[in-house]
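Here the structure is laid out as structure tokens; the discussion comes afterwards.
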There are 2 protein chains.
Amino acid sequence: MRPIGIGLAGLGNVGSEVARLLCARREEFRRRTGAELRLAAVCERRRRAVLSLRLGKGVRRVSRWQDLLRVPEVEVVVELMGGEGAALALVLGALSSGRHVVTANKMLLSRHWDEVFKTARSKGRRVYFEASVAGGIPIIQAVREGLAANRIRSVLGIFNGTTNYVLSEMAHNGCPMPEALRRAQRLGLAERDPSLDMSGADTAHKVSVLASLLAGRWFPPERIPCEGIESVALEDIRFAISHLGRTARLVGKLAFDWDADPVRVEAHVRPTLVPLAHPLANVHGAYNAVLVDTSSAGDLMFYGQGAGPGPAASAVLGDLLQLGRELSSRSSAAARPTERCREEVPPPMPWGRPRAAPPSLPLRQAPESDAAHYVRLQLADKPGMLAQVAGALGRAGISISQIHQDKPKDPKRPVPVMIATHSAPAESLRRSLAAIAQLPGVRGRPVCLRML
Amino acid sequence: MRPIGIGLAGLGNVGSEVARLLCARREEFRRRTGAELRLAAVCERRRRAVLSLRLGKGVRRVSRWQDLLRVPEVEVVVELMGGEGAALALVLGALSSGRHVVTANKMLLSRHWDEVFKTARSKGRRVYFEASVAGGIPIIQAVREGLAANRIRSVLGIFNGTTNYVLSEMAHNGCPMPEALRRAQRLGLAERDPSLDMSGADTAHKVSVLASLLAGRWFPPERIPCEGIESVALEDIRFAISHLGRTARLVGKLAFDWDADPVRVEAHVRPTLVPLAHPLANVHGAYNAVLVDTSSAGDLMFYGQGAGPGPAASAVLGDLLQLGRELSSRSSAAARPTERCREEVPPPMPWGRPRAAPPSLPLRQAPESDAAHYVRLQLADKPGMLAQVAGALGRAGISISQIHQDKPKDPKRPVPVMIATHSAPAESLRRSLAAIAQLPGVRGRPVCLRML
């Protein structure tokens, strides 16, 4: 048994927890994997964060990521700095210098997938990223290994704890979104600038990582139509619960048609009204859940904490222990950091038949599938308004299954009108709503939520 | 890349599906793992089962398991025969002759854990058994690898699809147990002799496998107090739903106290009343679900199909693909079946500090934890009966939170009395009920269900 040297970059909440567990449970981990994970170096600018951890004398402290790569004992780099610039440079530098990488950085992976994995492959090194999707839920390993014999038909999930907490608070405690968001911030569940979560971008990054992994080809986040929850109001959730038997969730969806050539992928991130009896409706607070529909194992659900130091550290350490098992089962000579391993990074799941499509467009993107939708419009209280709206929807081929308008309290203020449509092409509905928004007497932007 | 020869014993529903997928998806699997899984031989007595599969010419057919071990190309034996006698001989024979083993056989593993893993270790061979617990849910891999950095505090699960189907049918369609069981048999969800499922023994085997894996020491099923669902009647479920807001599930539980020395394990299989809002209450039909409470990742739930050819084949093939990855990353010389690999079977999770306890009693068994219980008694309709029962419970220190007795329809027949207790030691309650069952005027065996 030889120790495997770990270089940890970023001592925020997650990084500190990883460092703490690496030191406190070293002996336990050794007995588990047959490999000794040794924290060789940490990289962090804030001196206080390093000091408060009371790391042993054997751990090198550096404050620049470049210096981490100069520590010869570092065989695996754990990137927990977040963001793109320095994190990307560190990851590529680590791989180029023959190190393996463990990262929780979904933004980096989803935006630079090809660069990262091409570098890894050319150097025969591995990149593990369990913590990048769904926190403590080992979903990457499940779809990559445990369910490897299956074709994954679809993935439907709640991937963002912040927005799920906000929507849960609105539904259960009847508090408006700004108040729910402030509560999330007080609990440390939301950043001071919550836009990455609220806009759905964080969910899109995670859907992109999953899509790229499952398809075996980069599926960048720009190709994922994405909408956040900013437009969802308390009145929408109240109406959905009382009239539609549904509640709002920010859902990331991925669906594959493996029989098409090239393989067709539908991906999107949408605020979605989920039936109250649906498993995703019962995912409350900062939890995540991932529903996977597979060819042999049927439908599965994975549920757990989507964020937080403990769950993220669990995922990072799970990756490190897997690397530990793999590295210590090789001869020690072959596994020295600067030499090349014989083993290649496993190709990330090239299912389906081989395709000759150009690398820029390897998968055909399927349009957003048809669905019933919930729409809320703010209409001026004047004659003919409803007729105009209904007419515009009708001309777009969208038929209405329910419509509700309460008696206006104040005739000068616009009246909210709630509409539930029958199943319709999402694209047509969106175009039609854009036209409706231009009608005189329609106030603000229409709210439009998919129904599951 | 070198082909990895597979010998498959048992062509029942699961075995046939494994054979079919191995042949149909061979190319796809090869691209996934970098290893070629080649079905080298099948072992099955029923000629028809073999013929109906239309295996290629390259697949050897044998009808005795001993002959499977004589096929030199077989490097991995997949045991899907079930039962103990021949299956155990095949597994031990395969390991002794230097083959790896994949099995779905929880009875075999739970009853012969030490023999199987000692043989595997002495020969440097691996035993994978994902399909033995919770069907298509990759729970073994999750607790063994993805969550490897955690101490698993407890596992609570529905591990048997047959009994869950029966209980769901009773609750939703109001049909009595014999009718629900007949429906399960018609759907192929229950065997003609359903006693292994109904008695809880199958669940105990699975809990034993999980306990042994997590504790790193054999925890045989005889040490798991076990009760099936045979005594649960429709009136119990109806009462639980209407008066207690609960429904019945057959729950396998495992709880560890890792700080105790020796480590304390609580394990049992009990028909349990679960609050209707609890995740396990929403597991319907033949589905399984496993709740895992961990030290870092928090609480997680895994949900999916617990049985059937597809899910079981998914788990078996997942194991084969993992073996394929491992074997093909070694030099081909080291991996020939009859030679010894350098690599040892990983010790199955020896958590906690090393213990010097005798091998026969490596873990201390904790008594069943306190819980509120539901009790149904059949009492003769005569004065003083209730007082006697309440007195007996009171003397055992068990206090009653609810008691219900409807007006008897026929004074000659015994009256059902439903009692909900406050939290009490399970052992005292059971002793007290045994005494109550002896009282004159008490008919039949009291029904006793744990409340979660």
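The CZ atom of B:Arg325 sits 9.0 Å away from atom CD of A:Glu326, with the distance rounded to the nearest 0.5 Å. Distance check, rounded to the nearest 0.5 Å: CD1 of B:Ile137 to CG of A:Leu147 gives 10.0 Å.
For the options A:Gly308, A:Pro311, A:Gly304, A:Ala277, heavy-atom pairs under 4.5 Å to chain B are most numerous at A:Pro311. Of the listed residues (A:Pro279, A:Pro138, A:Gly136), the one with the most heavy-atom contacts under 4.5 Å to chain B is A:Pro138. Per-residue counts of heavy-atom pairs under 4.5 Å with chain B were compared for A:Ser314, A:Gly318, A:Ala289; the largest is that of A:Ser314.
There is a side-chain donor-acceptor pair under 3.5 Å between B:Gln141 and A:Glu145.
Near-neighbour residues of residues 294-302 of chain A relative to chain B, defined by a heavy atom under 4.5 Å from a heavy atom of that chain, comprise A:Ser295, A:Ser296, A:Ala297, A:Gly298, A:Asp299, A:Leu300, A:Met301, A:Phe302.
For B:Asn13, the CG atom is loosely surrounded, since the number of other residues' heavy atoms within 6.0 Å does not exceed 12.
Both the backbone and the side chain of B:Gln305 come within less than 4.5 Å of a heavy atom of chain A.
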